[in-house]
Chemist: 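One structure, as C-alpha cells, below. Some questions next.
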Amino acid sequence: MINRLSPALALGLVLALATVAVPPNARAAQEAPPTSNGGTTSTPVQEEDPDSLDRRPDPVQPDFTVVNLPTSLRLPRFGSAFRVTHRFSRSLGDGDFGDLLSDLFGLDNSAQIGLEYRFGVWRGAQVGIRRTNTEKTVELFGTYDLLPERDGWPVGLALHASVDGTNNFRDSYSPALGIILSRKLGRYGALYVEPVWVNNTNPQPSELVDDNDTFIIGVGGRFRVRPSVYVVGEIVPRVAGHDPGTHAGSFAIEKRVGGHVFQLNFSNTLGTTMGQLARGGVSSDTWYLGFNITRKFF
Amino acid sequence: MRSCRPWGAVLTRVVLVAIAVTATACDEQLSDITGPTPSLEPTFSNIRENIFETTDSAGRTACVACHTSQGRPPAGGLDLSSDPYGALVNRPSRQQEAAVQVIPGDPAGSYLIQKLQGTEDIAGFRMPRNGPPYLTEGQVLVIERWIQLGARND
C-alpha cells in the first residue's frame, strides 16, 4: 500500500480545513439572521451571544448525519458532539426467521463499530475524526456551512471534505470533496442532495483499472412523524467512476431525547465513511441491522 | 435576511480547501501487488521480460525454460522464445482446438489466463508445470490488464 500521505500531512490538512473555514471577517460573523430554523419562531439576535442560533435545537434537523451521509446541521463554536455507529455484520437475510431470532437479529455476531468526535472550530465550521474497526479506518472530516437556509437562501449549501485511510491512517487514503444541499420542509423534515467526488475507491492500482475515482450523488431525507420521532432514509448512487456492488442505501427510525439522538437503522452496507459508501453496498437484498447514538455537548 | 460576506475571500478559502483535499489524491502502487516481480507492468515487452524470460525471486520458473525451440521441441508446441507475441495473440491452443491463447479484450476467455490460473476446463497441467510457486494473483492481474487493453505488441 502506498504511504503518500503522512500523519503529519493529514494533521496539516485538518488544520487547513479548520483555518480556511473561518469566516472572512469578524463583522460578517456577527451578522446573525433574525429568524430561527424551520420558520417556527422569530427571535431577535442577542449581539452578546451571536452563536445562540447554532445552540438552539433544530426540530427538523436533529443530527449531524442522516444515517451515514453528513447533514448541514451547524455545530456551535467550541461545541462538540460524539457519535457511536454500530453495524451488526450478520445479514438479516441469512437463514429463516427462526435463525434470525436465535441470533437476536445479529446481536450474537460480530459488528462494525465506529467512534466519532466533532468539534465546532468557528461559526458554521466543524471538524471531526472517526475511527471504525473496518480495516482500522480513520476518517478526518470537515464541514463548512457556507449558505445557511435560515439566512433566506432557498436551499442551504455546505462544503464537506474528508480523508479516510485504513490501517490507522497509514494506507489507502480516500479523500472526498463535495457539497451538501439542504432544504427544510417546514416543520416536517429536511431533504439533502450531496454531490461528492471520492478518490481512490478502487483497491487496485490505477495501471490495472479503468477508474480509481467515484462521483456520488447522495440523497437523504429526514421526516418528522412525531415531535421527537423521525423516519430517515438515504441512498448513495454512484453516477460515474468505479462502482462495484450496488448503491449503498439505508433507512432508519430515530428518537431525539434532549441532547441525544438514538437511531435504529437498516443498511445494505457496513460502511460509514465517505470512501466506504462510494465503494457501494453488498447487494440490494443484503441488509444489516445497526444503530447510531449521538450526544451533543453544547 | 442574508448576511453580507466578502465572497472573494470566501471563494479563495473554498479553492484552498479543494486544493488541499485534491493534493491528498492517492493511488495504490502496482509494485505492492506484483510481489516477486516489482517492475512488472501491463505491457507485452515488460511481461515478456519479467514473466516469460525470468525466473522470479519466489522461485517461479521462467516460461522459456520449457516453451523454447532452442535445443528441444517447445512444450505443448508453444514457443515463447523467438516470437512470443505471434505465438499467443489470436492463436489457437494445440492442446484445446477451440481455445485461443490470447483474445484481445477478453482476459477471462483467453486460454493463457486459464492455464495460469489452473481453471477446471484446461487440458494438461496448470502452468508453470513444476509449480508451485505459480504466478501470484497480482502477476496474473497485470497480464489480464494487458489483454483487457487490447493485447497490444507494446
Side-chain angles (χ1 to χ4, degrees), chain A residues 1-5 9-10 12-17 19-25 27-35 125 140 142 144 146-148 150-153 159-163 165 171-179 197 199-200 202-210 212-213 275, chain B residues 1-35 37-47 50 105 107-108 113 135-152 154:
Chain A
M1 301 290 182
I2 192 168
N3 290 319
R4 284 175 49 187
L5 185 62
L9 180 58
L13 176 63
V14 172
L15 293 176
L17 286 172
T19 303
V20 299
V22 171
N25 61 36
R27 191 174 66 84
Q30 295 293 322
E31 291 176 353
T35 57
L140 308 175
Y144 178 43
L146 188 61
L147 302 176
R150 70 187 186 197
D151 283 6
W153 301 96
L159 306 176
H160 182 83
S162 67
V163 180
D171 296 329
S172 295
Y173 304 106
S174 286
L177 186 63
I179 60 175
W197 163 80
N199 172 249
N200 200 28
N202 196 323
Q204 299 293 350
S206 60
E207 292 92 336
L208 302 184
V209 297
D210 294 326
N212 192 36
D213 305 88
Chain B
M1 185 182 73
R2 298 175 186 176
S3 59
C4 298
R5 291 168 190 260
W7 290 107
V10 170
L11 184 62
T12 300
R13 285 163 170 81
V14 169
V15 169
L16 284 174
V17 170
I19 291 172
V21 172
T22 307
T24 66
C26 186
D27 184 23
E28 311 306 324
Q29 285 187 327
L30 187 59
S31 59
D32 287 339
I33 68 166
T34 54
T37 51
S39 60
L40 183 63
E41 294 177 3
T43 63
F44 184 73
S45 58
N46 192 285
I47 291 169
N50 282 281
I113 298 298
L135 268 68
T136 66
E137 185 180 347
Q139 289 172 316
V140 175
L141 278 172
V142 171
I143 300 174
E144 287 182 316
R145 181 62 173 170
W146 165 68
I147 297 173
Q148 186 184 34
L149 292 173
R152 291 171 299 199
D154 50 4

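Note on naming: letters A, B, ... go to the chains in the order of the sequence lines (proteins, then strands), and numbering restarts at 1 for each one.
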Chemist: Answer with side chain, backbone, both or neither: which region of A/Asp213 has an atom nearer than 4.5 Å to a non-hydrogen atom of chain B?
Modeler: neither

Chemist: Need one label for B/Ile33: side chain, backbone, both or neither, based on atoms under 4.5 Å from any heavy atom in chain A.
Modeler: side chain

Chemist: Indicate the atoms forming the closest heavy-atom contact of A/Leu208 with B/Pro42, along with that distance.
Modeler: CD2-CG, 4.4 Å

Chemist: Begin from the C-alpha positions of A/Val209 and B/Gln148 and carry the test side chain to side chain contact (heavy atoms under 4.5 Å, CB included) through to its verdict.
Modeler: CA-CA 10 Å; A/Val209 297; B/Gln148 186 184 34; over 6 Å; no

Chemist: By side chain to side chain donor-acceptor pair (under 3.5 Å), which residues pair with B/Asp154, not counting sequence neighbours?
Modeler: none

Chemist: Please round to the nearest 0.5 Å and tell me the distance separating atom CD of A/Glu207 and atom CG of B/Leu149.
Modeler: 11.0 Å

Chemist: For B/Thr136, what residues pass the side chain to side chain donor-acceptor pair (under 3.5 Å) criterion, not counting sequence neighbours?
Modeler: B/Gln139

